[in-house]
Amino acid sequence: MTKNNQKEKSQEEKSLRETSLLVGNWKMHGTRAKAMDLALAIKAGVSHPGVIVCPAFAHLEAVGRILADSVVGLGGQDCHHTTDDGPHTGDVSAAMLKDIGAEIVILGHSERRTNHGESDDLIAAKLLAARAARLRPILCVGETKDQREAGEEIAVVTAQIKAAQKFAPFGERDVIAYEPVWAIGTGLVATEEDIRAMHAHIRDLVGPAMPILYGGSVKPNNILDLRKIENVNGALVGGASLDAGAFLALALALAKV
């Protein structure tokens, strides 16, 4: 690789890391009408790229129509691990998400790991399926409170990341979201030093190009401090993404960083 090519690659990687991403995970909330109202409010208030919302699958098409002519992206909350159609009642394929207008998909969220018993191997297969459908996967990793108190957080996250690379290495379009499980929906936020240390460790594991998001009780009053931490390239937001005012405040704050 020539010096010019090395310089261009370095600039591309730096650009990826410094682009703030804000992903709203709406989880299993609301009616179609409420989802559409929320989408309309977000569309009206966001004028810069990097903002993505992930409604429940039942609301994806309706929300997608609203956002189609806006800079706000659309994502799914999960996908099946196979790439072919088949007898999988209740499941949604990555290709279906892509067909309906989604551009990203959240994978390995702690609620999926816990509530549905999703294994690291299953999540790795979902990662492949998402890539095959040309969706941008967001891999969620994080430790429980017991694991944190036992000093196992580094080992847990390392194992989750290495398992996700079982079938293929990470690509330049992949995203990691670190969400300490004990901070999701609890109002608790990891200390800046805890986040800095974990994100630095993840950076060492995944290389220089992949964006690393933080998730876990992200609010308008802490987003700027979080974004200023090295290797924090944005946020994966749950509860705050269901409030148009709070979510737009987050988007505005990240746009100014």
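Predicted model only: the values in this text are computed from it and were never measured.
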Do Q77 and N25 have side chains that get closer than 4.5 Å, going by heavy atoms?
-> yes
All side chain to side chain donor-acceptor pair (under 3.5 Å) counterparts of S217, not counting sequence neighbours = none
Distance col, row E153:CD vs T158:OG1, nearest 0.5 angstrom, shows 10.0 Å
State yes or no: do L250 and I212 share one hydrophobic cluster built from I, L, V, M, F, W and Y residues joined by side-chain heavy-atom distances below 4.5 Å, directly or via other members?
-> yes
L139 side chain reached by F170 side chain, heavy atoms, under 4.5 Å = yes
Heavy-atom pair of closest approach, residues P137 and L107 | CB-CD1, 3.9 Å
Would you say V157 and E143 make side-chain contact, with heavy atoms under 4.5 Å?
-> yes
Does V156 belong to the same Ile/Leu/Val/Met/Phe/Trp/Tyr cluster as I123, with side-chain heavy atoms less than 4.5 Å apart forming each link?
-> no
Sorted by chain and residue number, the side chain to side chain donor-acceptor pair (under 3.5 Å) partners of K166 (sequence neighbours excluded) come out as D121
How long is the gap from CE on M96 to CG on D85, to the nearest 0.5 Å?
-> 5.5 Å
Closest heavy-atom pair and its distance - I52, G75 = CG2-N, 4.0 Å
List for me each residue that meets ring-ring contact (aromatic ring centres under 6.0 Å, His included) alongside H201, sequence neighbours excluded, and say none if there are none.
-> none
Considering only Ile, Leu, Val, Met, Phe, Trp and Tyr, and joining two whenever side-chain heavy atoms are under 4.5 Å apart, list the other residues clustered with I184.
-> none
CD/E152: more than 12 non-hydrogen atoms of other groups inside 6.0 Å | yes
Reported CD1-to-CD1 distance for the pair I161 and I202, which is rounded to 0.5 angstrom = 4.5 Å
With rounding to the nearest 0.5 Å, note down the distance linking CD1 in I176 to CG in L205.
-> 8.5 Å
Contacts of E61 that satisfy salt bridge (Lys or Arg N to Asp or Glu O under 4.0 Å) - sequence neighbours left out = R65
Closest approach of P180 and A190, non-hydrogen atoms and distance?
-> CG-CB, 4.4 Å
What side-chain donor-acceptor pairs closer than 3.5 Å can you find for residues 40-48, not counting sequence neighbours?
residue	atom	partner	partner atom	Å
K43	NZ	I66	O	3.1
K43	NZ	D69	OD1	2.7
H48	NE2	A251	O	3.3

If every non-hydrogen atom of P55 is compared with every non-hydrogen atom of H59, which pair is closest and at what distance?
-> CB-CB, 4.2 Å
N222 side chain to R227 side chain, donor-acceptor N/O pair below 3.5 angstrom | no
Could you tell me whether the side chain of R173 and the main chain of M210 form a donor-acceptor pair under 3.5 Å?
-> no
Kindly write out the residues that satisfy ring-ring contact (aromatic ring centres under 6.0 Å, His included) with H88, not counting sequence neighbours, or none if the list is empty.
-> H80
In sequence, state the C-alpha distance, the side-chain angles, and the governing distance for V23 and C54, and then conclude on side-chain contact (heavy atoms from CB on, under 4.5 Å).
-> CA-CA 7 Å; V23 182; C54 301; 3.8 Å; yes
Share the residues that join L128 in a hydrophobic cluster, the rule being Ile, Leu, Val, Met, Phe, Trp or Tyr side chains under 4.5 Å apart at the heavy-atom level.
-> F167
Determine whether W26 and L38 make a side-chain contact, defined as any pair of heavy atoms from C-beta on separated by less than 4.5 Å.
-> yes
Is there side-chain contact between C79 and K98, with at least one heavy-atom pair below 4.5 Å?
-> no
Smallest heavy-atom separation, P211 atom then R136 atom, equals CG-NH2, 3.7 Å
Would you give the length of the straight line joining atom CG of L236 to atom CG of L22, rounded to the nearest 0.5 angstrom?
-> 9.0 Å
Donor-acceptor pairs are to be reported for all side-chain atoms of residues 111-119 against protein atoms at under 3.5 Å, with residues two or more places apart or in another chain.
residue	atom	partner	partner atom	Å
E111	OE2	K27	NZ	2.8
R112	NE	E118	OE2	3.0
R112	NH1	H116	NE2	3.4
R112	NH2	D78	OD2	3.2
R112	NH2	E118	OE2	3.1
R113	NE	G108	O	2.7
R113	NH1	D120	OD1	2.8
R113	NH2	C140	O	2.9
T114	OG1	S110	O	3.0
N115	ND2	E111	O	3.3
E118	OE2	K126	NZ	2.6
S119	OG	L122	N	3.1

Rounded to the nearest 0.5 angstrom, the CG-NE2 distance for D91 and H81 is 8.5 Å
Can you find a heavy atom in the side chain of E149 that is under 4.5 Å from one in the side chain of D146?
-> yes
Heavy-atom pair with the smallest gap, counting every atom of A130 and A94 | CA-CB, 3.9 Å
Hydrophobic cluster identity match, V181 and M198, side-chain contacts under 4.5 Å | no
R196: side chain to side chain donor-acceptor pair (under 3.5 Å) partners, not counting sequence neighbours | E193
Hey, are the side chains of V175 and L21 touching, using non-hydrogen atoms and a 4.5 Å cut-off?
-> yes
With Q147, which residues qualify under side chain to side chain donor-acceptor pair (under 3.5 Å), at least two apart?
-> T144
Applying ring-ring contact (aromatic ring centres under 6.0 Å, His included) to H199 and not counting sequence neighbours gives Y178
Is it the case that one hydrophobic cluster holds both L74 and F57, taking links as side-chain heavy atoms less than 4.5 Å apart, direct or via other members?
-> yes
Minimum side-chain heavy-atom gap V71-V51 below 4.5 Å | no
